[in-house]
Amino acid sequence: MAYGVALPKLFLRPARNRLNFDISLHSFVEKILINSNTKVTQGVVFKKNMHKNTVGVRKVVNVSAGAFNSPHLLDHTGRYWKLEFNPSLQTLKLVRTCLVYTVQSPIDVTVYFSAITESFDGRILLKIIKWITDEFYNSVYEPIIYKDSFSALETLLRTLSRGFIEGKNNYPYTHPMIYPNYQSHPLDVKILVEAFNISEKLSQTKTLKDIGVQ
């Protein structure tokens with residue numbers, strides 16, 4: 001059985017007592033400093049408690065700000081970072097980074113069963129979180145409100161749809177534009193529809209019928 005582990009717990013906690021290791025909380029990195037002549041990384045600029053700070057480096061800067069903020073940060077750093085890549089990637093434009101949500105697996109789709117459904121809390125939370133309209137909720141969930149139920153959640157693991165991230169300006173605090181383009185590839189839609197059909201067939205099995213599933 002596999003368990004998810006948070007990155008701070010996995011990497012930071014074991015190293016937190018090292019003499020050459022400091023963690024700066026509530027800090028925002030604004031820019032990576034790169035020498036315009038040597039193209040060598042020199043440090044980072046970050047803001048903490050409304051004050052700008054500069055930290056120099058002797059070796060490397062590891063960029064690990066996530067799928068959205070990493071390209072956003074590199075975009076503000078300037079064009080010099082591109083020279084560190086393989087020449088075949090020189091034409092890559094970081095301000096329009098390809099966004100791919102996928103998992104390396106031979107399985108196309110998974111189906112999760114959950115005892116939490118949109119009808120169990122009587123419109124209090126899930127309806128609002130999922131932006132479900134009153135018309136749809138009244139039609140689908142109102143007849144089974146507060147009754148025992150379960151959800152089947154179908155998730156694609158190897159998507160063919162592609163989105164992108166695009167920077168709006170050079171201000172580091174401006175959120176990038178995110179265009180996920182979910183299910184823009186017809187095969188993704190086809191696989192999801194087939195997964196829905198499988199969930200429907202499972203609900204009609206004798207095992208589930210015996211416990212009152214309709």
Side-chain angles (χ1 to χ4, degrees), residues 2-8 10-11 27-32 34 41 44 46-47 61-114 116-118 125-133 135-137 140 151-200:
Y3 295 92
V5 179
L7 290 180
L10 184 63
F11 295 107
S27 303
F28 188 94
V29 176
E30 295 183 340
K31 188 177 183 180
I32 300 174
I34 299 178
T41 304
V44 297
F46 70 95
K47 180 177 285 187
V61 172
N62 293 317
V63 179
S64 182
F68 298 154
N69 289 325
S70 290
H72 193 49
L73 174 61
L74 291 173
D75 179 34
H76 298 142
T77 295
R79 61 184 179 86
Y80 301 110
W81 71 271
K82 296 180 182 178
L83 302 179
E84 303 297 323
F85 284 87
N86 186 288
S88 63
L89 298 179
Q90 289 297 307
T91 57
L92 177 65
K93 291 184 178 180
L94 197 59
V95 294
R96 192 178 173 87
T97 303
C98 180
L99 175 61
V100 182
Y101 178 77
T102 185
V103 177
Q104 296 301 319
S105 170
I107 303 173
D108 292 318
V109 67
T110 60
V111 180
Y112 301 92
F113 289 93
S114 172
I116 299 177
T117 67
E118 288 76 4
L125 183 62
L126 291 180
K127 177 181 180 296
I128 298 174
I129 292 176
K130 295 187 176 183
W131 293 60
I132 299 175
T133 64
E135 180 182 3
F136 185 84
Y137 192 94
V140 177
S151 295
L153 309 174
E154 297 80 6
T155 304
L156 285 174
L157 297 181
R158 297 188 296 170
T159 62
L160 296 175
S161 302
R162 296 292 183 265
F164 62 91
I165 306 170
E166 190 172 42
K168 291 194 291 187
N169 53 48
N170 291 327
Y171 185 59
Y173 295 91
T174 301
H175 297 300
M177 300 295 291
I178 302 172
Y179 303 89
N181 291 340
Y182 294 133
Q183 293 147 33
S184 56
H185 195 286
L187 187 57
D188 285 348
V189 178
K190 182 178 180 180
I191 293 174
L192 272 180
V193 170
E194 184 61 28
F196 296 151
N197 292 334
I198 293 174
S199 298
E200 175 66 21

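Rounded to the nearest 0.5 angstrom, Leu192 CG and Leu156 CG are separated by 4.0 Å. Separation of atoms CG (Asn69) and NE2 (His175) is listed at 9.0 Å; rounding is to 0.5 Å. In this structure, the separation between OH on Tyr179 and OG on Ser184 is 14.5 Å, given to the nearest 0.5 Å. Once rounded to the nearest 0.5 Å, the distance linking CD1 of Ile191 with CG of Leu160 reads 6.5 Å.
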side-chain contact (heavy atoms from CB on, under 4.5 Å) for Val44 and Val61? Distances and angles first, verdict last. CA-CA 8 Å; Val44 297; Val61 172; 3.9 Å; yes
Do Ile116 and Leu126 pass the side-chain contact (heavy atoms from CB on, under 4.5 Å) test, and can you show the C-alpha distance, the side-chain angles, and the key distance before you say yes or no? CA-CA 9 Å; Ile116 299 177; Leu126 291 180; 3.7 Å; yes
Could you walk me through whether Thr159 and His185 pass the side-chain contact (heavy atoms from CB on, under 4.5 Å) test, one step at a time? CA-CA 8 Å; Thr159 62; His185 195 286; over 6 Å; no
Could you walk me through whether Ile32 and Val63 pass the side-chain contact (heavy atoms from CB on, under 4.5 Å) check? CA-CA 9 Å; Ile32 300 174; Val63 179; 3.5 Å; yes
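A donor-acceptor pair under 3.5 Å is absent between the side-chain atoms of Thr41 and the main chain of Ile34, judged by distance alone. Between the side chain of Lys127 and the main chain of Ile132, a donor-acceptor pair closer than 3.5 Å is present. Side chain of Tyr137 to backbone of Glu118: a donor-acceptor contact under 3.5 angstrom is found.
Between Val109 and Thr155 the shortest side-chain heavy-atom distance does not fall below 4.5 Å. Tyr173 has its side chain within reach of Glu30: a pair of non-hydrogen atoms, C-beta onward, lies under 4.5 Å apart. Taking the side chain as every heavy atom from C-beta outward, Val29 and Leu73 approach each other to under 4.5 Å. Proximity of Glu154 to Ser199: side-chain heavy atoms (C-beta onward) are separated by under 4.5 Å at one or more points.
Around atom OH of Tyr112, no more than 12 heavy atoms belonging to other residues, nucleotides or ligands sit under 6.0 Å away.
Between Gln183 and Val189, the shortest heavy-atom contact is O-CG2, 3.5 Å. Minimum heavy-atom separation, Ile178 to Pro180: O-CD, 3.4 Å.
Considering only residues two or more places apart in sequence or on other chains, Glu200 meets the side chain to side chain contact (heavy atoms under 4.5 Å, CB included) condition with Ser203, Gln204.
Between Ser161 and Asp188, the side chains place a donor N or O and an acceptor N or O closer than 3.5 Å (distance only, hydrogens not considered).
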